[in-house]
There are 2 protein chains.
Amino acid sequence: MEVPNQCPHCTNDHCIRSVPLFASLEPDAVHALTDQMEHKSYQKGEILVREGDTATGFTVIRQGSAKAYRTSADGREQILYIFPANDYYGARFLFTEEKVPYTVEALEETHVCILSKAQFSLLLEKHSSIALQIIEAMANRMSRLETAMQSMGGRNADLRIASLLLEFKEPYGRYNGSHLEITLPLSREGLANYLGLARETLSRKLVQFEEEGLIELIGQKVVRILDLERLADLSVLVD
Amino acid sequence: MEVPNQCPHCTNDHCIRSVPLFASLEPDAVHALTDQMEHKSYQKGEILVREGDTATGFTVIRQGSAKAYRTSADGREQILYIFPANDYYGARFLFTEEKVPYTVEALEETHVCILSKAQFSLLLEKHSSIALQIIEAMANRMSRLETAMQSMGGRNADLRIASLLLEFKEPYGRYNGSHLEITLPLSREGLANYLGLARETLSRKLVQFEEEGLIELIGQKVVRILDLERLADLSVLVD
DNA sequence: TTTCTACTGTGATTGAAATCACAAATTGAG
DNA sequence: CTCAATTTGTGATTTCAATCACAGTAGAAA
């Protein structure tokens, strides 16, 4: 149920300018880009692109958010990335791979702008600074993957969960008074699929963390961090 | 015990030309580069760079091989990468991070060439094609990290080990007659640290694989693959 | 060769997380 | 608001891998 329409957020330049990747472009380049992009909308649960498809274009999430995951032979869903608004995906597999390496699914109502492979290549040629920014963005994702790998190689669930909370501190945390509160972007099931744990284990560990005074659960989407230091000790971060 | 010396392999142009990243450079650019690079040698077990150090330069492994790992609070060593000859590391953390994200340790006698951050930046400016090749190389590493994440999120050790064997098929496998044989680049302990498993579990699983007719162990460094198909079924790869 | 040191395999046991099963709570649609 | 559907928590149980302990093996050095 893709609804190709004129994305109201994209008919003016603001759209692209709020995407860090394009922040360095001059106004008329932004204008040109805006015209070329294709706009689509998705409801929660709809698939933006499916693992194994031939590469679509470079896709910017204008509004909403999405998860990227792979499905294993046993049916398990391993979430690899969570893309918040203004993030993008698809730069990488325009360069190397023919096939899309993961399924991307909307976590809520989501609007995206798509630039075709050809247009994206042209953009890269004209504005070489964008290549450097892509390298930088890729570097950040690699950092995260490396930390995830370390955390998933660990021996206990506490480590994974503590590392997850610290990872989410940046993008999803904010201070409410003096307390850091993280608004979880996924359901328990989703978090479990991100961590490679059973949902039940995650539930139990979270209440255990609460009993130990590490966190406080507020509703089921918000976690208040009570003891960041002890959480960091549990996590993968050394020193 | 770094032994800065004139690396015999680097005083002529061949050195750099066999590194895919620099394959596209013209002869005199190669010449200029060669002069700028610093050469070092390490014995097995020596540390090339340590996690948390301030970034050294872009480093090319001329001869030998190395492992990159992080150490967790509990002392566990999670291996993130294995760098074979002609591979390189350090491009990424010249862009973004100040601190080196992992320790690199020689797996055997190893010779490297190092390009300083400043020189590397200059190179990038002059030869924009190198930026694209770096993106491509990063894309490949990301692919591997994503697969690793999927495999480590899995529920059993068989999956991890089968995925490892398939991963090693490319770089370390070769056909001996009609049989595919993989020469393992690490000890059991090392492999276990790569997989996030206990050494004992890996040992047991390998003999189990052998009993089931999936593989045949030849000495302790070579694995002959007897049933690639069934191995793939066990692994993370779907279809 | 012999000796020493590393690495590797294997049994016994423990333990942590997966699974199974279901109840409680929350959400959302009508 | 009500009711169904989805999500979440929690107990009981099982299972698989970690750990502990040690013996066998290979490899390097003397």
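The figures here come from the full heavy-atom set of this structure, side chains too, leaving out hydrogens, waters and symmetry mates. All of these numbers come straight from a predicted model, not from anything done at the bench. Sequence lines set the chain letters: A, B, ... in the order given, protein chains first and strands last, and positions in each chain run from 1.
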Could you list the donor-acceptor pairs under 3.5 angstrom formed between side-chain atoms of residues 164-173 of chain B and any protein atom two or more places apart in sequence or on another chain?
| unit_1 | atom_1 | unit_2 | atom_2 | d |
| --- | --- | --- | --- | --- |
| B:Glu167 | OE2 | B:Arg144 | NE | 3.3 |
| B:Glu167 | OE2 | B:Tyr194 | OH | 2.5 |

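A donor-acceptor contact closer than 3.5 angstrom links the side chains of A:Glu212 and A:Gln208. Between the side chains of B:Gln150 and A:Tyr69, no donor-acceptor pair of N or O atoms lies under 3.5 Å. With no hydrogens or angles considered, no side-chain donor-acceptor pair links B:Gln63 and B:Thr110 at under 3.5 Å. Side-chain atoms of A:Ser235 and A:Arg160 form no donor-acceptor pair, as typed in the model, at a separation below 3.5 Å.
B:Gln220 has its CD atom 11 Å from the P atom of C:dC7, to the nearest Å. Rounding to whole angstrom units, CG of residue A:Asp74 and P of D:dC16 are separated by 14 Å. Rounded to whole Å, atom P of D:dT10 lies 10 Å from atom CG of A:Leu217. Distance NZ (A:Lys44) to P (D:dA5): 17 Å, rounded to an integer number of Å. Whole-Å rounding puts the B:Arg188 CZ to D:dA26 P distance at 12 Å. Straight-line distance from the CD atom of B:Gln43 to the C1' atom of D:dA28: 15 Å, rounded to whole Å.
In this structure, A:Phe83 and A:Tyr89 have parallel ring planes: the angle between them is below the 30° cut-off, well short of the 60° mark.
Glycosidic torsion of C:dA6 falls within 90° of 0, placing the base in syn.
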Practice prompt. Go through A:Val100 and A:Thr54 one step at a time and tell me if the side chain to side chain contact (heavy atoms under 4.5 Å, CB included) criterion holds.
Written response: CA-CA 6 Å; A:Val100 175; A:Thr54 48; over 6 Å; no
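Searching all strands for a Watson-Crick or G-U wobble partner of D:dG9 with both distances below 3.5 Å returns C:dC22. Nucleotide C:dA6 has no partner under the Watson-Crick or G-U criteria, as no pair reaches both atom distances under 3.5 Å.
Within residues 197-214 of chain A, the residues approached by DNA chain D to less than 4.0 Å at the level of any non-hydrogen atom are A:Arg199, A:Glu200, A:Ser203, A:Arg204, A:Val207, in residue-number order. Using a 4.0 Å cut-off on heavy atoms, the residues of residues 149-159 of chain A that approach DNA chain C are A:Asn156, A:Ala157, listed by number.
Around the CZ atom of B:Arg50, the shell of radius 6.0 Å holds no more than 12 heavy atoms that belong to other residues, nucleotides or ligands.
Comparing A:Gly196 and B:Glu189 by the nucleotide of DNA chain C whose heavy atom lies nearest to each, the residue mapping closer to the 5' end is B:Glu189.
For A:Glu108 and A:Lys44, the salt-bridge test fails: no basic side-chain N is under 4.0 Å from an acidic carboxylate O.
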